[in-house]
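Structure first, then comments.
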Amino acid sequence: MDIVDARDELVERLATRPDLGHVKVRKHGSSLILYSGARQDDEQKHARLTHLSASTWGLSFPHHSGRWEKTPFEGSPAELLDTLVSDFAFYLDQY
């Protein structure tokens, strides 16, 4: 799955979740950033999915220092979104 297809899949899956209507997806290099906010200066980053290999992606969370903190979670974008929603929903909260 290429990055554009992965982004489109995440957008479709998020659209089925009214509680996550504030979460948007942006491509950044080989990663997909899940964020919210109307303007770039008001943007809140929630998570990052990074393309690691043909079908494997890694999950990272934003750190207060501005860097990304990698997690041990890997899988497809759909699997990682499920992990986010089930185990780390607080990262997707709107502030």
Side-chain angles (χ1 to χ4, degrees):
M1 171 180 296
D2 74 8
I3 195 160
V4 173
D5 291 338
R7 181 194 63 208
D8 293 347
E9 179 184 9
L10 286 178
V11 168
E12 286 178 21
R13 287 178 173 271
L14 287 167
T16 67
R17 302 285 312 245
D19 57 327
L20 298 177
H22 62 284
V23 178
K24 301 170 190 161
V25 182
R26 177 180 70 234
K27 178 185 168 299
H28 183 78
S30 63
S31 297
L32 297 172
I33 309 295
L34 280 69
Y35 71 99
S36 60
R39 301 179 320 270
Q40 190 171 13
D41 63 336
D42 189 32
E43 181 178 278
Q44 176 189 347
K45 293 177 179 145
H46 300 289
R48 179 179 74 176
L49 306 182
T50 302
H51 192 219
L52 303 174
S53 69
S55 61
T56 306
W57 295 70
L59 176 64
S60 300
F61 292 117
H63 191 267
H64 66 83
S65 67
R67 298 183 144 254
W68 289 97
E69 189 170 329
K70 294 178 184 177
T71 71
F73 299 99
E74 295 182 357
S76 71
E79 291 169 334
L80 292 176
L81 182 60
D82 289 345
T83 298
L84 268 168
V85 170
S86 64
D87 298 335
F88 301 101
F90 58 91
Y91 274 101
L92 298 172
D93 286 345
Q94 188 174 15
Y95 292 93

Would you kindly confirm whether [X] and [Y] end up in one hydrophobic cluster when ILVMFWY residues are joined by side chain heavy atoms under 4.5 Å apart?
X: Leu10; Y: Leu92; value: yes
X: Leu20; Y: Phe90; value: yes
X: Val11; Y: Val23; value: yes
X: Tyr35; Y: Val85; value: no

- Item | Straight-line distance of His63 NE2 to Lys45 NZ, nearest 0.5 Å | 14.5 Å
- Message: What's the separation between atom OG in Ser53 and atom CD in Glu74, rounded to the nearest 0.5 Å?
- Response: 7.5 Å
- Angle class for the Tyr91/Phe61 ring planes (parallel below 30°, perpendicular above 60°, tilted otherwise)? parallel
- Query: Taking the six-membered ring for Trp, are Trp57 and His51 parallel (under 30°), tilted (30 to 60°) or perpendicular (over 60°)?
  - Reply: tilted
What pair of heavy atoms forms the shortest contact from [X] to [Y], and how long is it?
X: Gly29; Y: Ile3; value: O-CD1, 3.3 Å
X: Ser60; Y: Lys70; value: OG-CA, 3.6 Å
X: Val25; Y: Arg7; value: CG1-CG, 3.6 Å
X: Asp19; Y: Arg17; value: OD2-NH2, 2.8 Å
X: Asp93; Y: His46; value: O-CE1, 3.2 Å
X: Ser36; Y: His22; value: CB-O, 3.1 Å

Residue pair [X] / [Y], side-chain heavy-atom distance below 4.5 Å:
X: Leu84; Y: Leu80; answer: no
X: Leu14; Y: Leu81; answer: yes
X: Leu32; Y: Lys27; answer: yes

- Item | Test log, rule side chain to side chain contact (heavy atoms under 4.5 Å, CB included), inputs Leu49 and Leu59 | CA-CA 5 Å; Leu49 306 182; Leu59 176 64; 3.7 Å; yes
- Would Arg26 and Glu43 satisfy side chain to side chain contact (heavy atoms under 4.5 Å, CB included), going step by step from the backbone distance to the final call? CA-CA 12 Å; Arg26 177 180 70 234; Glu43 181 178 278; 2.6 Å; yes
